[in-house]
Amino acid sequence: MAPQWDKALVKIARSHDPEALPLDDRMLIYDKRTITIYDKFAKAKYHFLVLPRIPFHASSSKPALSSQGAPTLSASNGKLNFGATSSNSVPASHMKSISTLLASPYAAEVLEALREASDRVIEHITKDMQEQYGTTWDIERAFHAVPSMEHLHLHVVSMDLVSDRLKHKKHFRSFHPTVGFALRLDDVEAMVKAGRRTLPKSEAAYEQLLKGPLMSHHTGQTFKFFPELKAHLEAYWRNSILAPSRTSAGDAAITTSLKRDAVEQESGASASPSDQPPSQLRRLDTPKASVKEASDSEDDEPSLPFR
DNA sequence: GTTCTAGAAC
DNA sequence: GTTCTAGAAC
């Protein structure tokens, strides 16, 4: 009965036809081995999840050379698989989380598929940023060290971290690029290359990381109250990420000619600061035109820079 | 994972 | 006041 929310990604990963996924799941792209969906509770302007599909067919006939492996049996069906024969797939149990994947001989191969797919996702995001805002900014690829939903998912998330769904400290810190809870794809790949089969810290230690201070990943400032951090993130995004892209040289003319447009946008969006899904907001012809005017409030930094 | 509620703690 | 922690969710 309990609606198993934690199995939602498993169901998506098992989909035979990603095109036929429920509208609610908002599929972005898919290929033979991965499916990418919009995060249902996006914690930034752009936030996608890249999942390895089930079954995940290994391309090589054998998993990576087991450094010291007893003859393995597939955890999924309990049957012995004798090497090179036709279809061997990565057991779903290996893809429950980044932790189980690390222990799997298929780790490198699954990561490779996620990397390739996420490259395409980043292309998509970058293009949309350019169209919507006339500039681009940081995008991170990372796994949560301790996920709450079953099935491996790579977060692809823009580092503005501006979203009304970002509601708690643990949300913020779980994506913070230096806190350590978010395990970047590059780092995980390096672990696999180095032969690591477990994460460096315990689950409890990772969870502790979520309890630290509210420190901006942009400026290093710490905030006492979550709403202050939220205001900072929003202000930084508008004033330091978006605004600089239109400050220089030839933009004067453009700015002038587009002033009316910008004003319209401003008033139109005043009620609800643009928080709609980015991909549905394409309407302007000129990339530069879509840059939102930074408006009046120059600097609404909180009064408590420290502690 | 989210939403909601409650009380304790700062 | 806001944050933190905990529990329930048919």
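Below, read A as the first sequence line, B as the second, and so on, with proteins coming before strands; counting in each chain starts at 1.
Atom NE2 of A/His144 is separated from atom CD1 of A/Ile98 by 12.5 Å, given to the nearest 0.5 angstrom.
Contacts of A/Lys43 with the nucleic acid, taken as non-hydrogen atoms under 4.0 Å apart, involve only primed sugar atoms and P, OP1 or OP2. A/Pro147 comes within 4.0 angstrom of no nucleic acid atom, judged by non-hydrogen atoms across all strands. Among the atoms of the strands shown, none is found under 4.0 Å from any heavy atom of A/Lys40. Residue contacts for A/His171: at a heavy-atom cut-off of 4.0 Å it reaches the sugar-phosphate backbone alone, with no base atom in range.
For the side-chain contact (heavy atoms from CB on, under 4.5 Å) with A/Arg53, the lone residue among A/Ser89, A/Ser15, A/Pro18 that qualifies is A/Pro18. When each of A/Tyr38, A/Tyr46, A/Phe48 is checked for a ring-ring contact (aromatic ring centres under 6.0 Å, His included) with A/His124, only A/Phe48 meets the rule.
Applying the salt bridge (charged side-chain N to carboxylate O under 4.0 Å, His left out) test to pairs two or more places apart or on separate chains, those with a residue in residues 135-162 of chain A are A/Lys7-A/Glu150, A/Lys96-A/Glu150, A/Asp119-A/Arg141, A/Glu140-A/Arg184.
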Would you please test A/Phe175 and A/His155 for ring pair (Phe, Tyr, Trp, His ring centres under 6.0 Å) and show each step? CA-CA 9 Å; A/Phe175 290 105; A/His155 291 271; 5.0 Å; yes
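Checking B/dG1 for Watson-Crick or G-U wobble geometry (two distances, each under 3.5 Å) identifies no partner in any strand. Pairing for C/dC10 is absent, with no Watson-Crick or G-U wobble pair whose two atom distances lie under 3.5 Å.
A/Phe226 has its ring centre no less than 6.0 Å from the ring centre of A/His168.
A 4.0 Å heavy-atom criterion places the boundary nucleotides of DNA chain B facing chain A at B/dG1 to B/dT3, written 5' to 3'.
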